[in-house]
Amino acid sequence: MSEMNPPIYIVDDDSSVREAVGSLVRSAGWRAEVYASAREFLAGRRKDVPSCLILDVHLPGLSGLDLQQELANSDCEMPIIFLTGQGDIPMAVQAMKAGALEFLTKPVSDEVLLAAIHRGIARQQRDREAGSDARSGLGETVGASAALNVVRDQIKIVGPSESTVLILGETGTGKELVAQGIHERSYRSKKPLVKVNCAAIPRDLIASELFGHEKGAYTGALQRHIGRFELAEGGTIFLDEIGDLPAETQIALLRVLQEREFERLGGSQVIRADVRVIAATNRDLRAAITAGSFRSDLFYRLNVFPIRVPPLRERKEDIPLLVEHFLQYYAKRAGKNIRNVSENTLELLKSYSWPGNIRELQNVVERSVIVCQTEDFEIDESCLAQEFVPPSQAYQSIDEKSASERGAIETALAETRGRVAGPSGAAAKLGVPPSTLESKIRSLKINKNRFRVV
């Protein structure tokens, strides 16, 4: 990674922890700067905002929670991952309510910590790219079409209620922003909005991630782990890609929705769940019910207030506004003075089907700004043809590089020591999203653990 990129800061008074985490961060290709106390961090840190801050709670002088508050008071926004050996539930809830990205207890596996750092970097990058629009939930809701206005009206109606919401829509349509808008209009807006991508978490870990586990619940459970439902206490939990939830976890989620309670894995204490649930999927859940992969009773519990987010091809009248929105941002970032969008370009964009929806349009505009050398903004038709590669074609390209799809995936896992996500993970090597690769690993029954070096 370039030295010009923001570093990851590590603040911990234990020198062995600083050394271990710093080494892990650098081995993953990121920069790392370490500090022994909050005061040292405040005195020595540079003006650039880090990609992520890994912070201990118990520090000499100023505690980690105090540092979090001080940074918030100074409008210094950064993803914070708490990593502590003496955390409890009230402390975790306090940290998450104040905006922490994660609250992890030591010891923590390299994979879990790296996944948290990757999420922090991704969030920081999204915030930088979308500016204040992303933080207010407006980044991809630009437009004045009737289809989009229906969604806005539904958000206003359901937001102040306590109803469970199921958001339906294709990938790239902005389902997460709809969830953000609902939360911000609810009476829980001052409490956490905890987001979980169900497809991105290994199937054998998803229950622990949602509901937590007790020490000794399973092999490797060395400490109590606080689940996302506890961290969302009083607020909202957003379960994205709910259609990928394993059958056994569907049963546990159904109990939460019906009885508003759950238990940690390996525990017997019943925990009340004062949490609003918003779920989203790009799958046809009714078809999944017919196929036997999704419970009908869970579907009806989730489908209290459905919101369908329209694909871009159904709101093409919004394309000129979206192009202008993205163009202004990327031109400013590139230091270019681009004033005009040709009619031919707008007609071309309106005639395209946009299988990747708004996310695809944003990528096309960004790439076209990079190559634009005049004040007139134009997009070449070949740019659109290259933008979208269906998953089947993507895997065909993998096949061409190796004797078989399995061979290509196993080769990538061997090169990355079993790591799927992250900038140096197998998914990045193969050019596919981590969730897609995880799904393919499961379908091919590949044991990625055998590639890991202990």
I want to check something: taking the side chain as every heavy atom from C-beta on, are [X] and [Y] in contact at a cut-off of under 4.5 Å?
X: Tyr187; Y: Pro160; answer: yes
X: Glu366; Y: Arg333; answer: yes
X: Ser208; Y: Tyr218; answer: yes
X: Leu413; Y: Val420; answer: yes
X: Leu312; Y: Arg315; answer: yes
X: Arg301; Y: Arg295; answer: no
X: Leu285; Y: Leu166; answer: yes
X: Arg152; Y: Leu148; answer: yes

What's the spacing between [X] [atom1] and [Y] [atom2] if we round to 0.5 Å?
X: Lys316; Y: Trp354; atom1: NZ; atom2: CH2; value: 9.5 Å
X: Leu42; Y: Tyr35; atom1: CG; atom2: OH; value: 10.0 Å
X: Glu209; Y: Ile201; atom1: CD; atom2: CD1; value: 4.5 Å
X: Ile319; Y: Arg313; atom1: CD1; atom2: CZ; value: 11.5 Å
X: Leu265; Y: Leu205; atom1: CG; atom2: CG; value: 10.0 Å
X: Leu24; Y: Glu111; atom1: CG; atom2: CD; value: 11.0 Å

Q. Taking everything shown except Glu261 itself, do over 12 heavy atoms lie less than 6.0 Å from its CD?
A. yes
Q. Which is it for Phe41 and Leu62 under the side-chain contact (heavy atoms from CB on, under 4.5 Å) test, yes or no, and what are the steps along the way?
A. CA-CA 11 Å; Phe41 168 76; Leu62 195 68; over 6 Å; no
Would you tabulate the side-chain donor-acceptor contacts of residues 235-248 under 3.5 Å, counting partners in other chains and residues two or more places apart, or write 'none'?
unit_1, atom_1, unit_2, atom_2, d
Thr236, OG1, His183, ND1, 2.8

Tell me whether [X] contacts the main-chain N or O of [Y] through its side chain, where contact means a donor paired with an acceptor under 3.5 Å.
X: His58; Y: Gly64; result: no
X: Glu230; Y: Ile226; result: no
X: Glu102; Y: Ile117; result: no
X: Lys175; Y: Ala279; result: no
X: Asn357; Y: Arg359; result: no
X: Asp318; Y: Ala144; result: yes
X: Arg188; Y: Gly234; result: yes
X: Ser161; Y: Val158; result: yes

Q. What is the ring orientation for Phe82 with Phe103, classed by angle as parallel under 30°, tilted 30 to 60°, or perpendicular over 60°?
A. tilted
Q. Phe229 vs Phe262 aromatic rings, parallel, tilted or perpendicular, using cut-offs 30° and 60°?
A. tilted
Q: List in chain and number order the residues that pass ring-ring contact (aromatic ring centres under 6.0 Å, His included) with Phe294, two or more places apart in sequence or in another chain; answer none if no residue qualifies.
A: none
Which atom pair, heavy atoms only, marks the closest approach of [X] to [Y]?
X: Arg260; Y: Val275; value: NH1-O, 2.8 Å
X: Ile155; Y: Ile182; value: CG2-N, 3.8 Å
X: Val25; Y: Arg31; value: CG1-O, 3.6 Å
X: Gly22; Y: Ala32; value: O-CB, 4.0 Å
X: Pro60; Y: Ser37; value: CG-CB, 4.1 Å
X: Arg185; Y: Gly181; value: NH1-O, 3.0 Å

Q.
According to side-chain contact (heavy atoms from CB on, under 4.5 Å), who are the partners of Glu214, at least two apart in sequence or on a separate chain?
A. Arg224, Arg264
Q. Do the charged groups of Glu162 and Arg276 touch, with an N to O distance under 4.0 Å?
A. no
Q.
What I want to find out is whether Arg419 reaches Asp110 closely enough, with some N-O distance under 4.0 Å, to be called a salt bridge.
A. no
**Q.** CA sep, side-chain torsions, deciding dist, call: Arg286, Asn303, side-chain contact (heavy atoms from CB on, under 4.5 Å)
**A.** CA-CA 11 Å; Arg286 294 185 187 275; Asn303 199 41; 4.1 Å; yes
(Q) Quick one, Asp56 with Leu83, criterion side-chain contact (heavy atoms from CB on, under 4.5 Å). Give me CA distance, side-chain angles, the key distance, then yes/no. (A) CA-CA 5 Å; Asp56 192 6; Leu83 180 60; over 6 Å; no
Q. How far apart are the C-alpha atoms of Lys191 and Asp274, what are their side-chain angles, what is the distance that settles it, and do they pass the salt bridge (Lys or Arg N to Asp or Glu O under 4.0 Å) test?
A. CA-CA 11 Å; Lys191 302 293 185 178; Asp274 179 20; over 6 Å; no
Q: Show your working on side-chain contact (heavy atoms from CB on, under 4.5 Å) between Leu253 and Leu210 and close with a plain yes or no.
A: CA-CA 9 Å; Leu253 177 59; Leu210 290 176; 5.8 Å; no
Q) For residues Tyr330 and Gln362, is any side-chain donor paired with an opposing acceptor at under 3.5 Å? A) yes
